[in-house]
**Student:** 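Dumping the structure here so I can ask a few things about it.
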Amino acid sequence: MSINENNIRNEIANMPGLLMSRNYNFPDYESDKRNLKKLESLIVKLEDIFTKDSGTIQELLGGEITSDDPYRMNDMGVPLYLYIDVIITAIEKNMASTVDLKPMKTELVERLNNIRNKAAKLEFDSVFDPNKHLTEETKNKIASSKGSYKFVIENIDGERYIGVNATVTSESYDLRNGDVYNIQSSRYGYSSLAFEEDVNSIEKKKSEEIDKKLEEIIPYIEHYFKGDKIPVSADNGFYASLKDPELSFDVKFRLHQLVEAVLRRSSVKILDKYFVKLKNAEKANEARMQKAKEEQQKQETSKQEVSNQDEPVQKIVEEKKTTRKKGLFSRFRETIGSRDSKQDESSSIDRFEQARREQIRDDEEVRNVVIYEKRIIDGEEVLVPLDNDEFKVVRRK
């Protein structure tokens, strides 16, 4: 390949950065016009090359094109059609302020699109697809990088995709009589898949994986809730929706954590993480209950053994007891006592009704109150909603 051929490929690779750059010693209009003239010169060369035979065209413009810029020598090469996409992005987004140059920009973009149609038919790595479109976000980040970007290969689930890494520059400055003062800039890194079709494909695949995981989780946890349906919110009313309010704290906490992840449609990794933690909490709770049951059985067995030892003595005591016939006054006192018992019963019912009404009133006051407490769970600081029996709401007087 001759030096002229090297020059044309290098000129293509460096053109996007040139169009995105800014020289603050000159107005935008002058910078844009000068850069567009250089782009026009490159377009003329490309149009001339596409008049040659297919072998020459492939040799000059085919495959992946790289730059000899020492700062970009390690960048991955990309086909000509993709460079043209980035060049058009630079014209549309980095030169938006120069409205007076619109006719010139419109003509150049039209000629670039004609060249792109031809460039799409050249031979290059199959990972590139000229039918795919840069996402709007990728275009904005590339334009904001002022040329500090590169395309990369992303391997996801065994498939190759084109990604983009950019160092995005955000600038602010003051304009006084056409001069720029107090230029301030900040930078941050950006990384994402480059093409809209790839992003949609990955998101669809992730969504299908989440749906499959939810089909496993939701039927498993529905039995915890009234009506066998998980609540629509993990905030107010969550604990009131549980069938068994006496669940252990660990099980309730992990269940709350998992329901939040389900409602947010979190990633499969997060759903799996909280699902496993819930199952572990259930196992630990079952072990505690089994241990408590065994302890209770031991106590009952011990009491039965003591009772069996005392039975002969109890039998002797009972044999010594004699029954006595109730006299007149005893029967009279029992009759009076039973009448008083009816009065006490009526009074007790009144007291019960009063206590019930007070309880209903107290329940109304705390029903929509949720208080969170910071706790350390598995080494993580988390916000845990307290149950109603863990705090008291005092009515304001």
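These numbers were taken from a predicted model, which means no experiment stands behind them.
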**Student:** My understanding is that only residues two or more places apart in sequence, or in another chain, count here; which of them pass ring-ring contact (aromatic ring centres under 6.0 Å, His included) with Tyr190?
**Tutor:**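 Counting only residues at least two positions away or on another chain, Tyr190 forms no ring-ring contact (aromatic ring centres under 6.0 Å, His included).
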
**Student:** For residues 126-145, which residue pairs pass the ring pair (Phe, Tyr, Trp, His ring centres under 6.0 Å) check, not counting sequence neighbours?
**Tutor:** none

**Student:** If you look only at distance, which donor and acceptor atoms sit under 3.5 Å apart when one is on a side chain in residues 204-213 and the other is two or more places apart or in another chain?
**Tutor:**
unit_1: Lys205; atom_1: NZ; unit_2: Asp157; atom_2: OD2; d: 3.4
unit_1: Ser207; atom_1: OG; unit_2: Arg265; atom_2: NH2; d: 3.1
unit_1: Asp211; atom_1: OD1; unit_2: Arg265; atom_2: NH1; d: 2.8
unit_1: Asp211; atom_1: OD1; unit_2: Arg265; atom_2: NH2; d: 3.0
unit_1: Lys213; atom_1: NZ; unit_2: Glu216; atom_2: OE1; d: 3.0
unit_1: Lys213; atom_1: NZ; unit_2: Asp272; atom_2: OD1; d: 2.8

**Student:** For residues 160-167, tabulate all N or O donor-acceptor pairs below 3.5 Å that involve a side-chain atom, not counting sequence neighbours.
**Tutor:**
unit_1: Arg160; atom_1: NH2; unit_2: Asp125; atom_2: OD1; d: 3.0
unit_1: Asn165; atom_1: OD1; unit_2: Ser191; atom_2: OG; d: 2.9

**Student:** Does Ser192 have any side chain to side chain donor-acceptor pair (under 3.5 Å) partners at least two apart in sequence or in another chain, and if so, which?
**Tutor:**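 Partners of Ser192 by the side chain to side chain donor-acceptor pair (under 3.5 Å) criterion come out as none, since no residue qualifies.
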
**Student:** When you check the side-chain N and O atoms of Asp53 and Thr56, is any donor under 3.5 Å from an acceptor?
**Tutor:** yes

**Student:** For the pair Lys243 and Asp228, find out whether any cationic side-chain nitrogen is under 4.0 Å from an anionic carboxylate oxygen.
**Tutor:**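 So Lys243 pairs with Asp228 through a salt bridge.
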
**Student:** Could you note down all residue pairs passing ring pair (Phe, Tyr, Trp, His ring centres under 6.0 Å) where residues 101-125 supplies at least one of them, sequence neighbours left out?
**Tutor:**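 Found Tyr81-Phe124.
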
**Student:** Keeping the roles fixed (side chain from Arg111, backbone from Ile43), state whether a donor-acceptor pair exists under 3.5 Å.
**Tutor:** no

**Student:** Which residues pass the salt bridge (charged side-chain N to carboxylate O under 4.0 Å, His left out) test with Asp100, not counting sequence neighbours?
**Tutor:** none

**Student:** Out of the candidates Ile84, Ile87, Leu39, only one should pair with Pro16 under the side chain to side chain contact (heavy atoms under 4.5 Å, CB included) rule; please name it.
**Tutor:**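 Answer after filtering Ile84, Ile87, Leu39: Ile87.
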
**Student:** Restricting to non-hydrogen atoms, name the atom on Leu271 and the atom on Val262 that form the minimum distance, rounded to 0.1 Å.
**Tutor:**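 Closest heavy-atom pair between Leu271 and Val262: CD2-N, 3.9 Å.
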
**Student:** Any pair with a residue in residues 256-286 that passes ring pair (Phe, Tyr, Trp, His ring centres under 6.0 Å), sequence neighbours left out, goes on the list, sorted by first then second residue, please.
**Tutor:** Tyr220-Phe275, Phe238-His256

**Student:** Between Gln290 and Glu286, is there a side-chain donor-acceptor contact under 3.5 Å, judged purely by atom types and distance?
**Tutor:**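 Looking only at side-chain atoms, Gln290 and Glu286 do not form any donor-acceptor pair under 3.5 Å.
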
**Student:** Ignoring hydrogens and angles, state whether a donor on the side chain of Tyr224 or Lys252 is under 3.5 Å from an acceptor on the partner side chain.
**Tutor:**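 Checked: Tyr224/Lys252 side chains show no N/O donor-acceptor pair below 3.5 Å.
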
**Student:** Go through the structure and list residues passing salt bridge (charged side-chain N to carboxylate O under 4.0 Å, His left out) with Lys102, not counting sequence neighbours.
**Tutor:** none

**Student:** Is any NZ, NE, NH1 or NH2 atom of the basic residue among Glu282 and Lys277 found under 4.0 Å from an Asp or Glu carboxylate oxygen of the other?
**Tutor:** no

**Student:** For Asp129, which residues count as a salt bridge (charged side-chain N to carboxylate O under 4.0 Å, His left out) partner, sequence neighbours excluded?
**Tutor:**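 So Asp129 forms no salt bridge (charged side-chain N to carboxylate O under 4.0 Å, His left out) with any residue.
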
**Student:** Determine which pairs satisfy salt bridge (Lys or Arg N to Asp or Glu O under 4.0 Å) with at least one residue from residues 112-124, sequence neighbours left out, and list them in order.
**Tutor:** Asp85-Arg116

**Student:** Sequence neighbours excluded, which residues qualify as salt bridge (charged side-chain N to carboxylate O under 4.0 Å, His left out) partners of Lys38?
**Tutor:** none

**Student:** Over 60° means perpendicular and under 30° means parallel, so classify the ring planes of Phe151 and Tyr149, tilted if in between.
**Tutor:**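 Tyr149 vs Phe151 ring planes: perpendicular.
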
**Student:** Are side-chain N/O atoms of Ser148 and Ser145 paired as donor and acceptor at under 3.5 Å?
**Tutor:**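 Result is no, nothing qualifies.
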
